[in-house]
Structures are given as structure tokens and as C-alpha cells.
Amino acid sequence: MAPLLSMHGIDKRFAGIPALRSAELVVERGEVHALIGQNGAGKSTMIKILTGYYRKDAGEILFDGKPVEFSSPQDAQRSGISTIYQEINLVPYRSVTENICLGREKRRFGLLDWSAMHEEARALLARFKIGIDVRRPLMAYPTAVQQMIAIARAIGFEAKLVIMDEPTSSLDEREVGVLFGVIRQLKEAGVSVIFVSHKLDELYAVCDRVTIMRDGRTVQVAPMTQLSRLDLVTSMLGRELSQVLHEGHGMADAAGEAREHVLKVQNLSVGRKVSDVSFDVRPGEIVGLAGLLGAGRTESVRAVFGADRPDAGTIDFARRENAIATPSDAIRAGMGFCSEDRKLEGIIPDMSVRENLTLALMPQLARRGIVNEARSREIVDRFIKRLGIRCTGPEQRIRELSGGNQQKVLLARWLCMNPKLLILDEPTRGIDVGAKAEILSLIRELAGQGLGVLMISSELEEVVEAASRIFVLRDGRTAAELRGDAVNEQSVMTAMAHGHESAREAAHG
């Protein structure tokens with residue numbers, strides 16, 4: 001029998017940049033199929049092309065034996081494809097029943113049949129062991145219940161294919177177990193499921209086969225039983241187990257051990273993404289945070305910087321425990337943070353290089369509302385020269401600069417504050433190879449001058465090259481601390497897949 005879904009040779013470009021290149025996805029009837037890959041691998045683009053949100057540039061899609069090209073998600077839904085997104089896309093002020101039955105309301109004598117719809121909503125939620133008043137607004141219930149309602153709505157369309165994008169992100173362990181029970185019911189009824197998740201344990205618990213994507217391509221398709229966790233991680237990251245062990249990391253461990261911590265985080269818990277994370281940074285040291293997408297890296301450093309409030313744990317910065325409640329507190333205490341999304345959370349595109357560079361320093365440059373222009377120009381000129389920022393001048397709009405030079409401006413923004421700690425979340429993402437080398441060289445130079453650096457990078461080669469120690473996060477917990485000879489790609493990948501003991505064995509085996 002032909003597969004339920006076949007996507008072959010799918011290409012997609014955005015502004016000339018390839019997002020998908022000859023990508024493939026085949027889902028059998030009554031199969032739970034995992035779709036995995038790092039951030040930017042092409043998973044979401046693939047799903048959006050299938051469901052009519054984007055149009056493909058090339059390739060063929062066959063659904064239920066027929067060529068298809070859906071014009072919209074609603075068109076795909078009418079044809080038997082239901083999608084459950086990670087972000088709940090329901091109507092909070094409407095009742096649970098209205099959300100579940102939206103778009104397929106029951107009528108009697110031309111009027112809405114509320115009794116029948118309430119009954120259907122209760123029956124669908126009963127499959128998830130949820131007994132609530134379906135007449136109340138959706139917003140009256142916690143996020144986990146809303147997520148279950150979104151899943152119930154998707155299943156209620158009697159779909160042939162259900163796409164679940166990180167469906168467990170808001171669920172506790174019991175609720176995840178209930179969801180998996182429903183997925184198995186769907187499978188027994190002949191319904192196929194595409195399951196997108198970064199949690200390896202979930203994939204092995206519920207999925208039959210896996211498609212692994214990397215850099216817009218399908219790199220591996222296999223039964224889950226034939227791939228180990230380490231196989232999954234290495235395939236996603238595109239690294240081989242035979243990588244040469246790393247030699248030399250800028251700062252010797254012994255020198256670092258002699259210095260007092262500038263930052264010490266213990267048993268940190270933040271929402272559902274971070275449950276038990278610990279790490280520390282010393283002056284003059286580059287510490288790497290590694291982990292797969294969703295491991296809790298960014299959420300942890302946001303809490304350190306005061307952008308999110310921790311639920312538990314201690315954050316000791318510059319000998320003060322839990323003293324940072326807001327980013328303003330962090331900046332005043334001597335902390336800088338270059339966020340992952342340079343364009344959204346870093347630069348202000350229509351402002352000049354000068355304005356972007358001095359943004360954090362502005363309170364110190366102004367007195368009674370008047371900016372000291374001479375001091376501002378002196379600082380900007382000094383950092384443009386020091387960091388080698390290529391621009392026509394301080395007044396050039398930052399959006400006109402290359403990605404690497406924009407990142408240098410953001411580094412300069414914090415360096416002119418003379419920080420004790422600099423947090424870098426994916427500092428080389430989206431910049432060319434030459435600029436990457438410059439940025440990494442600059443980071444090492446700064447650490448050599450005594451600055452503590454906490455660096456997140458999804459590129460293992462990069463974090464191994466730069467860091468003297470690496471903390472590996474897995475499913476919101478610190479899985480391993482690697483130092484010395486253990487700072488190598490094989491040990492990091494092993495810790496991502498299995499945790500601390502396996503990483504230790506990999507380092508010494």
C-alpha cells in the first residue's frame with residue numbers, strides 16, 4: 001500500500017537563501033513518525049509547506065495517493081491534516097466548546113446545537129482524562145489544560161494525519177503519559193502522526209520511525225529501534241564520533257581554579273524548560289553551555305540576566321546572592337548579554353552605529369537629560385577601532401552593516417560598560433566564516449584580559465575550540481561538566497545523548 005504522505009525533492013528559498021534543499025519526508029499509514037533536527041534544520045518550513053502556509057519552489061507532495069498543493073492551512077485541514085502547534089493558537093475568551101468545535105459547528109433547524117457540541121467537547125476531553133466545564137472560557141484553565149484542548153480540537157476533525165509540534169512543552173509527566181496513550185489510540189485507528197520533539201526519551205517512547213533534517217536537507221530516515229540516542233545526536237549535529245580530541249583551550253584549568261567565581265548558579269529552575277541547572281564562571285575564563293535545542297540553555301541565561309524570574313535555585317554574581325531581579329540590576333552589577341536573536345533583541349536597525357553602541361551606556365553619558373557628545377564620540381571611535389568594525393562612520397545605520405559587524409557593535413555595547421561577565425548566546429549565528437573567526441578571536445582576547453565569558457553555541461566545534469570548560473544541558477538539567485581532555489566533541493555529544501557517566505567514559509575510553 002502506498003504511504004499516506006510522500007514529500008520528495010522539496011526546495012524552498014527565502015530572499016534567495018535556501019531553507020530546504022531536495023528535502024524528503026515519507027509517512028506510512030497508521031505510523032507515528034518523528035521529525036527532528038536542530039534549530040534552522042528545516043522542520044517547520046517542511047510542515048508549513050505541507051499545510052499550505054508556504055508554497056514550495058520545487059518538488060512533489062502526494063497525500064492519500066493524490067498530488068496536492070494546499071492553498072492554506074484550512075484547505076489542508078479539510079483534506080484530513082490537523083496541526084497542533086507548540087504555541088497555543090486558540091481563542092482565550094471563547095468557551096472550551098467553541099474552541100473545540102470552531103469551524104465545524106453542529107446545527108439543528110439552522111441554529112447552533114449547543115447541547116450536541118458540549119457533549120462532543122466532553123467526549124473528546126474524556127479521552128485525555130479531563131473533566132471540566134466546557135462552557136467556561138478557555139482562559140479560565142491552566143496552560144497544560146489549554147494544550148490538551150488544542151490537541152482534542154485537532155483530533156476532533158477526524159484527520160488522517162495529525163502533526164504535533166512540541167506537544168508536550170506545557171505538560172507534566174502524567175499528562176504526557178495520557179497524551180501518549182491517545183497517540184497510540186490514533187495509531188490503532190489507522191491515523192498517522194508526525195511528532196516533532198527535542199526530547200529524545202519521548203521519541204523512543206512513542207515513535208516508529210524518524211526523519212532527521214540538517215541544514216535544509218533530509219540526512220537520515222530509519223526505524224527508531226535501529227538508532228541509538230548517540231546516533232540521533234551525531235546525525236542532527238553532523239559530527240562524527242572520530243573527531244580528534246581537543247588540545248588546549250586558552251585558559252588552563254589550574255589557573256581558572258585558583259580564581260574566585262564571578263558567577264555561580266546552583267539548582268536553577270525556571271518554568272517548564274529548566275528544572276535543575278548548575279554552572280559557574282571564573283574571571284578570565286570562557287565557559288561553554290552546550291545542549292540540543294530545548295535543553296534550557298537560553299532560558300537559564302535569561303534568568304541569570306534577570307529577564308525571567310527563577311522558580312528555585314541560587315544565582316550568585318560578584319559575591320551577591322539572588323540580588324539580580326531585572327536586566328537593569330544585571331547591567332548595574334557588571335553583566336552584559338548578547339542575545340541569540342540579533343535582529344529582534346539586539347540591534348535597533350534604523351539607528352546609527354553610534355546610537356546602538358552607546359545604548360546601555362547612555363545613563364552614564366547623560367546628565368540632566370543632556371548627552372556628553374564629546375565623550376560619546378570618543379568611546380564610539382575607540383571601540384570601532386578596537387574591534388575592527390567596518391562601517392563608513394559612526395552615523396551609518398546599523399542595518400547597512402554585515403552580520404559580523406553588527407555583532408561587533410553589540411559586543412562593543414557591553415564592553416564599553418567594563419563588565420565582569422559577558423553572556424553570549426549564539427554569538428556567531430548568521431555570520432560568515434571569516435567574521436566568525438574574528439569574533440572568536442576577540443572573545444579569547446577579552447577572556448585573556450580577565451573578562452568572564454559564558455558562551456552558548458549550537459556549533460560543537462566552536463564551543464569546544466573556545467571554552468576551557470563546558471556544561472552540557474539535557475532536558476532542562478545539567479547533564480555533565482567537562483574539563484581538560486574531556487572538552488571534545490565526542491564527550492559533548494555523549495553527554496547530550498546519555499548524561500554524565502557516559503560522557504566520562506567517552507572522555508577516558
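Computation of the quantities below employed the complete heavy-atom set of this structure, encompassing side-chain atoms and omitting hydrogens, waters and symmetry-equivalent molecules.
Under the 4.5 Å side-chain criterion, counting only non-hydrogen atoms from C-beta, Asp11 is in contact with Ser22. Between Met351 and Leu357, the closest side-chain pair of non-hydrogen atoms is not below 4.5 Å. Contact of the Pro327 side chain with the Phe337 side chain is not registered, since no non-hydrogen atoms from C-beta on lie closer than 4.5 Å. Considering only heavy atoms from C-beta on, Leu25 comes within 4.5 Å of Ile194 through its side chain. Put simply, the side chain of His261 does not reach to within 4.5 Å of the side chain of Val281, judged on heavy atoms. The side-chain heavy atoms of Ile36 and Thr211, taken from C-beta on, include no pair separated by under 4.5 Å. Within the 4.5 Å cutoff, the side chain of Phe317 has no heavy atoms near those of the Phe305 side chain. For the pair Leu179 and Glu175, the minimum side-chain heavy-atom distance is 4.5 Å or more.
Using a distance-only test at 3.5 Å, with no hydrogens or angles considered, a donor-acceptor pair links the side chain of Gln406 to the main chain of Leu401. Within the 3.5 Å criterion, the main-chain N or O of Val353 finds no donor-acceptor partner in the side chain of Glu395. Using a distance-only test at 3.5 Å, with no hydrogens or angles considered, no donor-acceptor pair links the side chain of Lys273 to the main chain of Gly476. Judged purely by atom type and a 3.5 angstrom limit, Arg229 has no side-chain atom pairing as donor or acceptor with the backbone of Leu200. Here the side chain of Thr218 pairs a donor or acceptor atom with the backbone of Glu24 at under 3.5 angstrom. In terms of modelled atom types and a separation under 3.5 Å, the side chain of Tyr204 and the main chain of Ser228 share a donor-acceptor contact. Counting only distance, with no hydrogens or angles, the side chain of Arg21 and the backbone of Lys12 share no donor-acceptor pair below 3.5 Å. For Arg209 (side chain) and Val26 (main-chain N/O), a donor-acceptor pair under 3.5 Å exists by modelled atom type. Side-chain N or O atoms of Asn356 include one that pairs as donor or acceptor with a backbone N or O of Ile348 at under 3.5 Å. With hydrogens and angles disregarded, no donor-acceptor distance shorter than 3.5 Å links the side chain of Lys264 to the backbone of Phe279.
Closest heavy-atom contact between Gln407 and Glu426: NE2-O, 4.1 Å. Nearest heavy atom pair, residue Asp329 against residue Ala323, reads OD2-O, 4.1 Å. In plain terms, the two heavy atoms of Leu20 and Ile49 that are nearest each other are CD1-CD1, 3.6 Å. Contact between Asp311 and Val270 at its shortest, heavy atoms only, is OD2-C, 3.6 Å. Across every non-hydrogen atom of Leu268 and Val274, the tightest pair is O-CG1, 3.3 Å. Nearest heavy atom pair, residue Lys43 against residue Gly37, reads NZ-O, 2.8 Å.
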| message | Test side-chain hydrogen bond (donor to acceptor under 3.5 Å, both in side chains) on Gln396 and Ser352; report intermediate values, then the result. | response | CA-CA 5 Å; Gln396 183 179 7; Ser352 68; over 6 Å; no
| task | Starting from the C-alpha separation in whole Å, work towards a yes-or-no answer on side-chain contact (heavy atoms from CB on, under 4.5 Å) for Leu35 and Ile47. | result | CA-CA 10 Å; Leu35 179 61; Ile47 288 171; 4.1 Å; yes
| task | Begin from the C-alpha positions of Met236 and Leu292 and carry the test side-chain contact (heavy atoms from CB on, under 4.5 Å) through to its verdict. | result | CA-CA 9 Å; Met236 273 194 286; Leu292 295 175; 3.8 Å; yes
| task | Could you go through the side-chain contact (heavy atoms from CB on, under 4.5 Å) check for Val210 and Val221 one step at a time? | result | CA-CA 6 Å; Val210 60; Val221 181; over 6 Å; no
| said: What verdict does the side-chain contact (heavy atoms from CB on, under 4.5 Å) test give for Val287 and Glu285, after you've listed the backbone C-alpha separation in whole Å, the side-chain angles of each residue and the deciding distance to 0.1 Å? | reply: CA-CA 6 Å; Val287 171; Glu285 180 184 38; 3.5 Å; yes
| task | Report the C-alpha distance between Glu202 and Ser197 in whole Å, list the side-chain angles of each, state the deciding distance to 0.1 Å, and finish with yes or no for side-chain hydrogen bond (donor to acceptor under 3.5 Å, both in side chains). | result | CA-CA 8 Å; Glu202 294 182 358; Ser197 177; 3.0 Å; yes
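Atom CZ of Arg382 has more than 12 neighbouring heavy atoms from other residues, nucleotides or ligands inside a 6.0 Å radius. The environment of CZ in Phe180 is crowded: more than 12 heavy-atom neighbours from other residues, nucleotides or ligands sit within 6.0 Å.
The pair Asp280-Arg469 meets the salt-bridge criterion, since a charged nitrogen lies less than 4.0 angstrom from a carboxylate oxygen. Ion pair Arg474/Asp201 flagged as a salt bridge, since at least one NZ, NE, NH1 or NH2 atom sits closer than 4.0 Å to an Asp/Glu carboxylate oxygen. Using a 4.0 Å cut-off between a side-chain N of Lys or Arg and a carboxylate O of Asp or Glu, Arg399 and Asp350 qualify as a salt bridge. Using a cutoff of 4.0 Å between basic side-chain nitrogens and carboxylate oxygens, Glu465 and Arg444 are scored as salt-bridged. Salt bridge annotation for Asp57-Arg13: absent, with no cationic side-chain nitrogen under 4.0 angstrom from a carboxylate oxygen.
A donor and an acceptor atom, one from each side chain of Thr298 and Asp425, are located under 3.5 Å apart. Between Glu462 and Ser457, the side chains place a donor N or O and an acceptor N or O closer than 3.5 Å (distance only, hydrogens not considered). Under the 3.5 Å distance criterion, with hydrogens and angles disregarded, a donor-acceptor pair is assigned to the side chains of Ser458 and Arg297.
For the atom pair Asp231 CG and Thr234 OG1, the distance stands at 5.5 Å (nearest 0.5 Å). Atom CD of Glu489 sits about 9.0 Å away from atom CD1 of Ile470, to the nearest 0.5 Å. How far CZ of Phe195 is from CD1 of Ile163: 13.5 Å, rounded to the nearest 0.5 Å. Thr314 OG1 to Glu321 CD: the interatomic distance, rounded to the nearest 0.5 Å, is 5.0 Å. The line from OG of Ser278 to CZ of Arg477 is 10.5 Å long, rounded to the nearest 0.5 Å. Interatomic distance, OG of Ser44 versus OH of Tyr54, reported as 8.5 Å (0.5 Å rounding).
The side-chain tip of Lys385 does not point at the ring of Phe383 from less than 6.0 angstrom away and within 45° of straight on.
Checking each of Asp316, Leu454, Ile423 against Leu263 for a side-chain contact (heavy atoms from CB on, under 4.5 Å) leaves exactly one that passes, namely Leu454.
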